[in-house]
Engineer: 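Have a look at this one.
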There are 2 protein chains.
Amino acid sequence: MSTIAHRPQRADARRNREKLVAAAAAAFAESGLDAQVEDIARRAHVGVGTLYRHFPTKEALVVALAEQHFERIADTVEAALADPGDEWDVFAAAIWRVATAAAADVAWCEIIGGHPSAVQAASRGQQRLASAVGTHIARAQGAGVMRADATVEDIKTIMCGFGHVAAAQRAGAELDWTRYLAIALDGLRTR
Amino acid sequence: MSTIAHRPQRADARRNREKLVAAAAAAFAESGLDAQVEDIARRAHVGVGTLYRHFPTKEALVVALAEQHFERIADTVEAALADPGDEWDVFAAAIWRVATAAAADVAWCEIIGGHPSAVQAASRGQQRLASAVGTHIARAQGAGVMRADATVEDIKTIMCGFGHVAAAQRAGAELDWTRYLAIALDGLRTR
DNA sequence: CGTTAACATGAAGGACGGTTCCGCTTTGAT
DNA sequence: ATCAAAGCGGAACCGTCCTTCATGTTAACG
């Protein structure tokens, strides 16, 4: 077995990769996960071939973006764990923060809403997120402010619904994701 | 202006139309709204051309099915109005009945979840449904068992989320629409 | 500089799925 | 039985997108 001498990645290639990720984020945010590959390449001022050099498939690009999204959500939810306030308020505030960020981005909505492949990737961000949410739940239940039977899966389920409602609203339906969250969170709270 | 003598629709044509609707319902239930036209025609033992003779577009077929779905849902919700039981229980039972029927059918989920074109048709079924739901809400609020600020739009929103959760569950996601409904309905109830 | 491997390009390829079209068949009225 | 209109079939058409590939370009290293 010999050591293969890898030439370092070329500087322009790295730049292009970053431009592609940014362009994809923008295109997906605007048009949802079925934004066209050519549009993404155009926004990055790059040929489609270049896109395919960096990502073997459009799907791979989506997964990369999804992972990025989940990392950010996990950041938000983990950060909230340090907040010393009322357990319920802290949890609810974190959810609202995540939802507000997601609602402005069609792709987030679709990913949170459960895009088949992006979700199946049991990725680091998702695991961090699940763990942080679990801690929030345990705390809130300990303080008696969250229904005792609530689970991490319940939160996932609610956010899945949220993603779709927000996406539908963006698409013109007369819906209000704000009401959705208010009601769902109330349903999660102890009465 | 002369009276145009319309020859009555031929018997075989009527049969084919019915077979097409049934086949479409089956195909959509199984594969969702993006079931293929050719598959629908095949199930109806008919050529695609025949399908297009009866429905100018795949979309038209979807709208026809959607209208049928909404009529049925309206039937269920209207029927519940005659129930003399506790206002909340009656309302909740009607929602559960609708949800249970819908959860078994991918197309129902997608339509309830807010399929763009099928929803925009401010059709008879939808109007009946909205009106019946409005009556339920007014009654429950009058009895003090539903949050005072709940609206028909809130129910639509919740069912939109439901549709997506149920569809995702059918597609293999580890979600539980049962939990979703339980929590959302709790959030709608007076505490 | 010169060399070379990595990289970029975008037109062409290919798969997929809705829709059209025209020749053939069936119905129903005379 | 005959005929015209209505209906039927399904191969071909067409638009849309993702992906590939042959060709030209560029960064990095000696």
Side-chain angles (χ1 to χ4, degrees), chain A residues 2-24 26-28 30-66 106-107 110 115-118, chain B residues 2-24 26-28 30-66 106-107 110 115-118:
Chain A
S2 63
T3 306
I4 301 166
H6 279 294
R7 220 179 249 217
Q9 187 181 44
R10 260 165 54 171
D12 57 340
R14 178 185 306 280
R15 267 197 312 274
N16 279 335
R17 183 177 219 284
E18 273 159 25
K19 285 198 292 180
L20 276 167
V21 171
F28 285 142
E30 199 174 307
S31 317
L33 254 18
D34 52 356
Q36 291 166 225
V37 167
E38 203 181 320
D39 180 44
I40 294 170
R42 200 181 310 114
R43 288 183 194 235
H45 303 288
V46 142
V48 274
T50 302
L51 188 155
Y52 277 91
R53 159 169 292 272
H54 289 278
F55 299 94
T57 237
K58 180 186 175 181
E59 197 57 36
L61 190 49
V62 169
V63 170
L65 264 289
V106 185
E110 291 177 4
H115 185 66
S117 63
Chain B
S2 62
T3 307
I4 301 168
H6 279 295
R7 223 177 248 218
Q9 188 180 45
R10 260 165 56 172
D12 58 340
R14 173 125 40 87
R15 266 197 313 273
N16 279 333
R17 182 178 221 280
E18 273 158 25
K19 285 198 292 181
L20 276 167
V21 171
F28 285 143
E30 200 174 306
S31 318
L33 254 17
D34 53 356
Q36 289 167 226
V37 168
E38 204 181 318
D39 180 45
I40 294 171
R42 200 181 310 114
R43 288 182 194 237
H45 302 288
V46 141
V48 275
T50 303
L51 188 155
Y52 277 92
R53 158 165 292 270
H54 290 277
F55 300 93
T57 237
K58 179 186 177 182
E59 196 58 33
L61 190 50
V62 169
V63 169
L65 265 288
V106 186
E110 291 178 5
H115 185 66
S117 63

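Just so we're clear, the structure is a prediction, and the values are computed from it rather than from any experiment. Letters A, B, ... mirror the listed sequences (proteins, then strands); counts begin at 1.
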Engineer: Can you measure from CG (L33(B)) to CG (L65(B)) and round to the nearest 0.5 angstrom?
Structural biologist: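 Separation between the atoms: 8.0 Å.
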Engineer: Taking atom P of dA8(C) as reference, at what distance in whole Å does atom CZ of R17(A) sit?
Structural biologist: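 Rounded to the whole Å, the gap is 12 Å.
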Engineer: Please lay out, stage by stage, how F55(A) and V62(A) fare under the test side chain to side chain contact (heavy atoms under 4.5 Å, CB included).
Structural biologist: CA-CA 10 Å; F55(A) 299 94; V62(A) 169; over 6 Å; no
Engineer: Roughly how bent is the helix from dC1(C)-dG30(D) to dT30(C)-dA1(D) end to end, in steps of 10 degrees, with each end axis from five pairs?
Structural biologist: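 The angle, to the nearest 10 degrees, is 0°.
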Engineer: Could you give all pairs that pass the salt bridge (charged side-chain N to carboxylate O under 4.0 Å, His left out) test and reach residues 10-20 of chain A, with sequence neighbours left out?
Structural biologist: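 Those involving residues 10-20 of chain A are R10(A)-D12(A).
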Engineer: Can you tell me how far P of dG9(D) sits from CZ of R42(B), to the nearest Å?
Structural biologist: 14 Å
Engineer: Determine: side-chain N/O of T50(A) to OP1/OP2 of dT9(C), distance under 4.0 Å, yes or no.
Structural biologist: yes
Engineer: Pairs under 3.5 angstrom only: tabulate donor-acceptor contacts from the side chains of residues 40-48 of chain B to other protein residues two or more places apart or in another chain.
Structural biologist:
unit_1 : atom_1 : unit_2 : atom_2 : d
R42(B) : NH1    : D39(B) : OD1    : 3.4
R43(B) : NE     : D39(B) : OD2    : 3.2
R43(B) : NH2    : E30(B) : OE1    : 3.4

Engineer: Any side chain to side chain donor-acceptor pair (under 3.5 Å) involving residues 48-58 of chain A? Give me the pairs, sequence neighbours left out, ordered by first then second residue.
Structural biologist: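 Non-adjacent pairs meeting side chain to side chain donor-acceptor pair (under 3.5 Å): zero.
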Engineer: Tabulate atom names and distances for all N/O pairs under 3.5 angstrom spanning the protein and nucleotides 20-26 of chain C.
Structural biologist:
unit_1  : atom_1 : unit_2 : atom_2 : d
dT26(C) : O2     : R10(B) : NH1    : 2.9
dT26(C) : O2     : R10(B) : NH2    : 3.3

Engineer: Given atom CD of Q36(B) and atom P of dG10(D), what is their separation to the nearest angstrom?
Structural biologist: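 After rounding, the reported distance stands at 17 Å.
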Engineer: In whole angstrom, what separates E38(A)'s CD from dA12(C)'s P?
Structural biologist: 13 Å
Engineer: Answer with base, sugar-phosphate or nothing: what part of the nucleic acid does A41(A) contact at a heavy-atom distance below 4.0 Å?
Structural biologist: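 The answer is nothing, as A41(A) stays clear of every strand by at least 4.0 Å.
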Engineer: If only side-chain N and O atoms of N16(A) are considered, is one of them under 4.0 Å from the OP1 or OP2 phosphate oxygen of dA8(C)?
Structural biologist: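 True: N16(A) side-chain N/O within range (under 4.0 Å) of dA8(C) OP1/OP2.
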Engineer: OP1, OP2 of dC7(C) versus side-chain N and O of H54(A): anything below 4.0 Å?
Structural biologist: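 It does not, given that no N or O in the side chain of H54(A) lies less than 4.0 Å from OP1 or OP2 of dC7(C).
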Engineer: Provide, to the nearest angstrom, the distance between the CZ atom belonging to R53(A) and the P atom belonging to dG10(C).
Structural biologist: 15 Å
Engineer: Contact class for A44(B) vs. all strands (heavy atom < 4.0 Å): base, sugar-phosphate, or nothing?
Structural biologist: nothing
Engineer: Does dG18(C) have its OP1 or OP2 closer than 4.0 Å to a side-chain nitrogen or oxygen of T57(B)?
Structural biologist: no
Engineer: Can you tell me how far P of dC18(D) sits from CG of L61(A), to the nearest Å?
Structural biologist: 11 Å
Engineer: Which residue lies toward the 5' end of DNA chain C, A11(B) or K58(B), if each is placed at its nearest nucleotide?
Structural biologist: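 That would be K58(B).
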Engineer: For R14(A) and dA28(D), give me the distance from atom CZ to atom P, rounded to whole Å.
Structural biologist: 10 Å
Engineer: Under 4.0 Å between any heavy atoms, over every strand shown, what does D34(A) touch: base, sugar-phosphate, or nothing? Just pick one.
Structural biologist: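 Counting heavy atoms under 4.0 Å across all strands, no contact is made by D34(A).
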Engineer: Taking side-chain contact (heavy atoms from CB on, under 4.5 Å) as the test, write out the residues that go with A35(A), two or more places apart.
Structural biologist: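 In terms of side-chain contact (heavy atoms from CB on, under 4.5 Å), with neighbours along the sequence ignored, A35(A) is linked to A27(A), F28(A), S31(A).
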Engineer: Over how many whole Å does the gap from D39(A) atom CG to dC18(D) atom P extend?
Structural biologist: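 So the CG-P distance, D39(A) to dC18(D), works out to 10 Å.
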Engineer: Which residue lies toward the 5' end of DNA chain D, R15(A) or V46(B), if each is placed at its nearest nucleotide?
Structural biologist: V46(B)
